[in-house]
Protein chains: 2
Amino acid sequence: MLPRRRRASSAPGEAEWIDGGAFSDVAITDRQRGILKLIVQEYVQSGRPVGSKALTEKYVLGYSAATIRGEMAELETNGFLQSLHTSGGRVPTDLGYRYFVHLLMEAPELPSGDQIMIRHQFRQVEAQLEQWVELAAIVLAETAKSVSVVTAPRPAIARLRHLEIISLQPRLALLILVTQDSMVRQVMLRWPEDAAQGSLSRLADDLVDELRGLTGNEVQGRIGSATGARRFVIERIASTLTGLDAVEQVEIRHSGLENVLTQPEFAGAESQALLEILRGGGFLSAMLPQLESGSGVQVFIGDENPTSELRRFGVVLATYGVGGEVSGLLGVLGPTRMAYGRSISSVRYMAHLMSGLVSDLYGGRIDDQRSET
Amino acid sequence: MLPRRRRASSAPGEAEWIDGGAFSDVAITDRQRGILKLIVQEYVQSGRPVGSKALTEKYVLGYSAATIRGEMAELETNGFLQSLHTSGGRVPTDLGYRYFVHLLMEAPELPSGDQIMIRHQFRQVEAQLEQWVELAAIVLAETAKSVSVVTAPRPAIARLRHLEIISLQPRLALLILVTQDSMVRQVMLRWPEDAAQGSLSRLADDLVDELRGLTGNEVQGRIGSATGARRFVIERIASTLTGLDAVEQVEIRHSGLENVLTQPEFAGAESQALLEILRGGGFLSAMLPQLESGSGVQVFIGDENPTSELRRFGVVLATYGVGGEVSGLLGVLGPTRMAYGRSISSVRYMAHLMSGLVSDLYGGRIDDQRSET
DNA sequence: CGTTAGCACTCTCGCACTGAGAGTGCTAAT
DNA sequence: ATTAGCACTCTCAGTGCGAGAGTGCTAACG
């Protein structure tokens with residue numbers, strides 16, 4: 001009946017009333033819309049349930065507290081609000097937030113001052129690829145004032161570009177793999193017998209020539225009749241490459257825990273839930289199938305989240321990257337009572353920025369790799 | 001007068017009374033020692049100030065609560081204990097903890113069951129170097145039941161082993177540096193003019209031949225009369241290598257926040273202090289000068305810490321690595337009221353384990369680098 | 001007929017108060 | 001030297017209470 005999840009308004013500036021059809025079967029008047037909007041904003045800001053009197057005192061409305069009470073009662077029966085106690089104000093339900101995000105909220109562009117500052121920070125570390133993700137997490141946490149999560153950009157599928165084998169000890173060597181998308185992995189190799197650097201280097205050169213541009217599965221297919229050290233190394237290359245494609249391998253950076261842990265709802269055990277979510281790779285593998293890549297900023301509120309641990313959280317996510325080729329994911333995590341407008345603005349801008357950076361690196365050069373050594 | 005900081009007992013098993021000389025100018029009887037030990041243990045476990053009566057009820061001692069009161073009073077005047085309120089028991093001071101750690105505590109070896117489990121986990125990821133540090137942080141946090149910090153092993157000084165330049169776009173290239181200690185760094189290069197992959201590869205080959213084995217400063221010295229792209233690349237190599245030597249570049253992994261944030265002393269703003277410490281590189285640069293490398297597990301309690309943000313924390317640290325050549329740092333962070341014995345055992349074992357792993361990689365092959373390509 | 005003021009009622013929250021429990025120092029007896 | 005006893009202090013949990021805020025209902029109003 002109602003949409004479980006929808007893309008956020010992508011038009012900066014005014015709230016959009018277009019496509020209200022999804023909610024149109026619910027009777028909700030303009031005035032109720034206005035009141036709902038105020039309640040969400042107020043509750044997000046204060047964290048305390050909001051009542052009719054408080055609204056009339058804080059805002060100049062054309063009608064009185066009693067009227068608001070009536071409207072609030074109706075909003076409650078329609079499922080947009082709920083009252084925690086008989087007295088003491090009301091708070092939005094997940095549906096209330098959803099309606100707010102979908103139809104009432106504004107998510108303007110980030111102030112140009114912020115944009116300039118952020119771009120400046122990125123220019124500082126532009127050269128060091130390793131720092132991009134870290135910086136993105138930090139900046140996103142700061143602008144959204146929430147916990148941010150960012151993954152490194154990943155190719156849809158890893159292909160070998162270069163490898164080196166470095167002898168460390170007679171029976172120990174280090175295999176360095178570089179993929180076409182500039183990911184680097186180091187793998188330790190233990191030989192059953194002594195191996196000299198010379199033969200290892202030759203082996204490496206051979207393998208580069210033979211395996212360049214191949215995926216993990218294709219490398220696996222090349223094992224063929226290879227034997228001994230050569231076979232062993234090829235197997236390792238294959239498994240490392242396929243490992244890179246696995247979702248579980250993706251590391252999430254996060255930042256800004258302090259923005260959220262100090263909020264009242266995270267006083268007790270709730271903070272543990274948050275840390276748990278951020279720790280394992282579970283968050284990612286739960287979220288990924290929900291994301292239609294390239295579809296802009298997506299918002300998950302409370303029960304809309306795929307796992308029950310996230311039931312009390314709001315998640316604002318976007319993918320970034322170039323086409324379907326290389327992509328990462330970034331977003332913001334907070335209590336359902338979070339500032340969705342600001343979060344969406346921040347996430348949208350950061351996704352845009354990171355896409356730009358990544359496309360500088362990888363854009364339009366997917367197939368001209370074999371040209372030179 | 002009193003030592004500000006001392007190495008922890010490194011003899012597994014019994015507490016050591018040797019070298020008590022440092023504290024010997026303070027009059028403290030055997031019975032007081034026993035009482036102090038009990039108080040620290042009790043307080044660490046319960047988190048509540050401990051009183052005389054509670055001790056007699058919990059333990060079978062040869063004397064009564066009144067006697068304990070007398071001894072506790074004396075311990076307080078000597079600075080080992082302090083009472084937070086007129087009534088309500090006493091808690092150890094920093095000095096009390098220090099005495100406990102130095103002379104009263106046992107830090108036995110980790111149970112062999114734990115050791116086996118840990119080694120098993122490491123065997124699983126042995127091949128993936130990137131995962132060692134991560135796993136070390138996780139395991140350390142688990143065994144010490146506290147927040148762990150681990151840095152990746154770093155060479156004392158980075159020397160170039162290999163480099164590659166990969167053309168991404170006409171004016172954009174990626175420089176991949178590999179140091180002799182197998183660290184890999186990726187640097188983006190923007191050219192003022194178009195450059196073909198062919199010339200870049202030749203440039204890279206040239207530079208490898210010329211710069212292999214050199215440190216950042218030495219590379220800097222080789223700039224000489226080089227011009228154009230060549231000069232630009234050399235400069236970047238030099239600055240990246242020197243950057244690797246900088247302490248600020250070191251990344252700390254941490255794990256186990258949940259072990260500590262749920263404890264009573266971190267209910268409020270204190271948690272923010274902890275997150276702050278773990279965030280920036282400040283922690284490391286403050287701690288490093290305090291550490292005599294290779295001297296085993298070191299313990300810093302409260303005011304013994306170099307920075308004031310750490311005043312309410314206890315820190316148990318050890319370096320690991322091979323000789324003075326390659327080293328990292330790992331340890332545990334917690335409230336001053338932490339289980340020092342368990343922490344020291346865990347840190348000691350993990351340092352030992354990581355040293356073993358690192359020495360497999362880097363051991364005794366510091367100077368035979370130029371032999372082959 | 002929608003809107004609003006008024007009213008009685010409910011619930012939370014902060015505050016003061018209280019008694020139990022625990023700890024302390026002191027002293028006199030052992 | 002050790003200890004039992006005692007008077008005193010302080011914390012903490014529980015209780016009661018009043019203020020404040022919110023609610024639903026109803027009657028009056030434009």
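Numbered from 1 within each chain, the chains take letters A, B, ... in sequence-line order.
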For [X], side chain to side chain donor-acceptor pair (under 3.5 Å) partners two or more places apart:
X       : value
E142(B) : none
Y43(B)  : none
S83(A)  : E76(A)

Euclidean distance, atom [atom1] of residue [X] to atom [atom2] of [N] [Å, nearest integer]:
X      : N       : atom1 : atom2 : result
E76(B) : dG25(C) : CD    : C1'   : 12 Å
I35(A) : dT23(D) : CD1   : P     : 11 Å
E74(B) : dT24(C) : CD    : C1'   : 16 Å
R90(A) : dC11(C) : CZ    : C1'   : 14 Å
E42(B) : dG23(C) : CD    : C1'   : 15 Å

Could I get the full list of side chain to side chain contact (heavy atoms under 4.5 Å, CB included) partners for [X], not counting sequence neighbours?
X       : value
S52(B)  : A65(B), I68(B), R69(B), M72(B)
P111(A) : D114(A)
Q82(A)  : L84(A), V91(A), T93(A)
L275(B) : L257(A), E258(A), L261(A), L257(B)

Exercise for the section: Indicate the atoms forming the closest heavy-atom contact of I138(B) with S255(B), along with that distance. Expected result: CA-OG, 3.6 Å
Completion exercise
Residues Q290(A) and Q298(A): closest non-hydrogen pair is O-NE2, 3.9 Å
Practice task
Please work out which residues in residues 63-73 of chain A have a non-hydrogen atom less than 4.0 Å from an atom of DNA chain D and list them by number.
Solution key: R69(A), M72(A)
Handout entry: Pairwise 5' ranking along DNA chain D for G89(A) and G62(B), keeping only the more 5' one
Key = G62(B)
Exercise for the section: Could you check which residues of residues 46-61 of chain A get a heavy atom under 4.0 Å from DNA chain C? Sort them by number, please. Expected result: none
Collect all protein-nucleotide pairs involving nucleotides 27-30 of chain D in which both atoms are nitrogen or oxygen and the distance is under 3.5 Å.
none

Would you tabulate the pairs of protein nitrogen or oxygen atoms and nucleotide nitrogen or oxygen atoms of nucleotides 9-12 of chain D closer than 3.5 angstrom?
unit_1	atom_1	unit_2	atom_2	d
dC10(D)	OP1	T86(B)	OG1	3.1
dC10(D)	O5'	T86(B)	OG1	3.3
dT11(D)	OP1	H85(B)	ND1	3.1

Handout entry: Stepwise ring pair (Phe, Tyr, Trp, His ring centres under 6.0 Å) test for F313(A) and Y97(A)
Key = CA-CA 12 Å; F313(A) 292 88; Y97(A) 286 120; over 10 Å; no
Practice task
Any salt bridge (Lys or Arg N to Asp or Glu O under 4.0 Å) involving residues 43-57 of chain A? Give me the pairs, sequence neighbours left out, ordered by first then second residue.
Solution key: none
Problem - is_close_aromatic(F100(A), Y340(A)), centroid dist under 6.0 Å - result: no
Practice task
Give a yes or no on whether the backbone of A107(B) and the side-chain of R348(B) come within a donor-acceptor separation of less than 3.5 Å.
Solution key: yes
